[in-house]
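Both ligands and their constituent atoms are indexed starting at 1 by order of listing.
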Amino acid sequence: MPEYWDPEIETMPVDDLKKLQEEKLKKLVHYVYENSPFYRKRFDEHGVRPEDIQTLEDIRKLPFTYKQDLRDTYPTGMFCVPNSKLARFHASSGTTGKPTVVGYTHKDIDDWAESLSRAFTSVGMGKDDILQVSYGYGLFTGGLGAHYGSEKLGATVLPTSSGNTERQLELMKDLGTTAIACTPSYFLYMIETARKEGISIRDDTKLKKGFFGAEPWSEELKKRIEDESGIKAYDIYGTSELSGPLFTECGEQCGIHIWGDLFLVEILDPETGEPMPDGETGELVITTLAKEANPLIRYKIKDLTKKLSEPCKCGRTHPRITRISGRSDDMIIVRGINVFPGQVESVLMNIPEVGNHFMIIVDRIGPLDSMKVQIEMHESAFSDRMSDMMALKKKVASALKSVLNLAVEVELVEHGSLPRSEGKSKKVIDKRKI
Ligand code: DLL
């Protein structure tokens, strides 16, 4: 099995990669200025001209692009190519207002698949693998993204999409699926359903690897998934605006590799916009270096992560980022204290008696904010003795208090009563916003 998909690109010396990025950035600013009325106007308003960009550092002269810009120019106002050059659209449903539409030329689709072929190869996938794609197919990028990446790699695709879980498990068993791609919350639901059906993923299937992403998930949840299913869980990251799922960890599992010939990464202080030192958390900002239809300049994703600069043991020289710890707009402020749902997940998944699903409910009672965490008991620890249940509630409340510095009410709810998810899960209900 090849170690690299494209060794020349993936292991190129860092200085050569930087030179390549510089060349691509210079071309890109001319391209968007000449082809996208949106970018021409944005550059003009900021008093920057394509000729001003000569080095990688000059990127800081360029204005940011926001998700709101995609909404404001709905549906195709940011595109750089006419419809005749487009091969596909995807769209993501906005929680408010218009969705955002992303367009792809044939080359954009091929680059997207290329990015995932490299990523899949980096964890040892190859032609003998069968990838069950249990991300939704359709306007969401998860299904078709993983599908094309896997086909380009030469693996066999089982395009189940999400849902119909019993059938998914039957096919997984009968066809010998070796790898799966879905949200971590959907895989938890699969584990639970398999248990109910008397199927052991570890013993009755050939599943060895899972590519989990499209929503935040913690190291602690990864450990649970691995312990309960016997597979290796890999982080897969991307956003629809950049194309879809694009990057994964390699077999070394020490950060997600971002292909530098295709994308330029910055990690910035969310308030000042200044670059964060390597290893410190900031907001991810990405510039697409190769997209034709819908390039993005300094796209502020709002995902929080750290840049890792020491070379990876796998030999790939491209930049790496750590697991996404949350989104800057996911933060809940409760009685003046900042809480990220990921922190809550980490605490809960570290307590073996706590089940795999939880819900955070924030409310305002009178002038005071309140936060409640609903949990189920883990099947393996199930007890209906009042004293066990009280002890668990106390244990969870004190573990949450020590991490969040906030008193949290813990409610133990009946097993199976919290929502299960086939796609992206919802972990917070903020009643203050209703
Ligand atoms: O979720 C693309 C994707 C599909 C990625 C399948 C991975 C696998 P969007 O619907 O536009 O695109 O949502 C993008 O999801 O900005 C993050 O906040 C979150 N996200 C995606 N992957 C991860 C991950 C797809 N591995 C938004 N860890 C992003 C944490 C993730 N958050």
Practice problem: Over 60° means perpendicular and under 30° means parallel, so classify the ring planes of Phe247 and Tyr237, tilted if in between. | Solution: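 It falls in the parallel class, under 30°.
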Practice problem: Measure up the Tyr104 and Trp112 rings against each other and bin them: parallel (under 30°), tilted (30 to 60°), perpendicular (over 60°). | Solution: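 It falls in the parallel class, under 30°.
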Taking the minimum heavy-atom distance to [atom], which of [options] ranks first?
| atom | options | value |
| --- | --- | --- |
| atom 12 (O) of ligand 1 | Ala146, Gly143, Ser240, Ser325 | Ser240 |
| atom 26 (N) of ligand 1 | Thr183, Ile236, Val133 | Ile236 |
| atom 3 (C) of ligand 1 | Ser218, Ser243, Pro245 | Pro245 |

Below a 4.0 angstrom heavy-atom separation, can you tell me which part of [X], side chain or backbone, both or neither, approaches ligand 1?
| X | result |
| --- | --- |
| Phe211 | neither |
| Glu215 | backbone |
| Asp303 | side chain |
| Ala214 | both |
| Thr141 | side chain |

Does the pair [X]/[Y] count as a salt bridge with the N-to-O cut at 4.0 Å?
| X | Y | value |
| --- | --- | --- |
| Glu220 | Arg224 | no |
| Glu114 | Arg118 | yes |
| Lys307 | Glu280 | no |

Self-check item: For Lys26, salt bridge (Lys or Arg N to Asp or Glu O under 4.0 Å) partners two or more places apart
Solution: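 Salt bridge (Lys or Arg N to Asp or Glu O under 4.0 Å) check on Lys26 returns Glu23.
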Quiz item: Do you know which of Arg335, Lys431, Arg432 makes salt bridge (charged side-chain N to carboxylate O under 4.0 Å, His left out) with Asp369?
Solution: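 For Asp369, the salt bridge (charged side-chain N to carboxylate O under 4.0 Å, His left out) check succeeds only for Arg432.
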Taking 4.0 angstrom as the limit and counting only heavy atoms of [X], give me the atoms of ligand 1 inside it, by number and element.
| X | value |
| --- | --- |
| Ile301 | 16 (O) |
| Gly142 | 4 (C), 6 (C) |
| Phe140 | 1 (O), 4 (C), 10 (O), 25 (C) |
| Pro216 | 30 (C), 32 (N) |
| Asp235 | 24 (C), 26 (N) |

Quiz prompt | Working for salt bridge (Lys or Arg N to Asp or Glu O under 4.0 Å), residues Arg327 and Asp303 | solution = CA-CA 4 Å; Arg327 293 180 55 84; Asp303 287 331; 3.1 Å; yes
Quiz item: Quick check: does any side chain N or O of Glu249 sit under 3.5 Å from a backbone N or O of Asp235, one acting as donor and the other as acceptor?
Solution: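 Flag set: sc Glu249 to bb Asp235 pair under 3.5 Å.
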Self-check item: For atom 5 (C) of ligand 1, the protein heavy atom that lies nearest, with its residue and separation
Solution: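 In this structure, atom 5 (C) of ligand 1 has Gly238 O, 3.5 Å as its nearest protein heavy atom.
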Self-check item: Heavy-atom nearest neighbour in the protein, as seen from atom 13 (O) of ligand 1, with distance rounded to 0.1 Å
Solution: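 For atom 13 (O) of ligand 1, the nearest protein heavy atom is Lys424 NZ, 3.0 Å.
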Practice problem: Just do the side chain to side chain contact (heavy atoms under 4.5 Å, CB included) check on Val413 and Glu411 with the steps written out, would you? | Solution: CA-CA 6 Å; Val413 298; Glu411 185 184 1; 4.0 Å; yes
Quiz item: Going by distance only, is there an N or O of Arg327 that falls short of 3.5 Å from an N or O of ligand 1?
Solution: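 Indeed, backbone or side chain, Arg327 has an N or O that close.
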Quiz item: Hey, is Ser92 one of the residues with a heavy atom under 4.0 angstrom from ligand 1?
Solution: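 No.
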Practice problem: Could you list the residues that satisfy side chain to side chain donor-acceptor pair (under 3.5 Å) with Asp330, not counting sequence neighbours? | Solution: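 In terms of side chain to side chain donor-acceptor pair (under 3.5 Å), with neighbours along the sequence ignored, Asp330 is linked to no residue.
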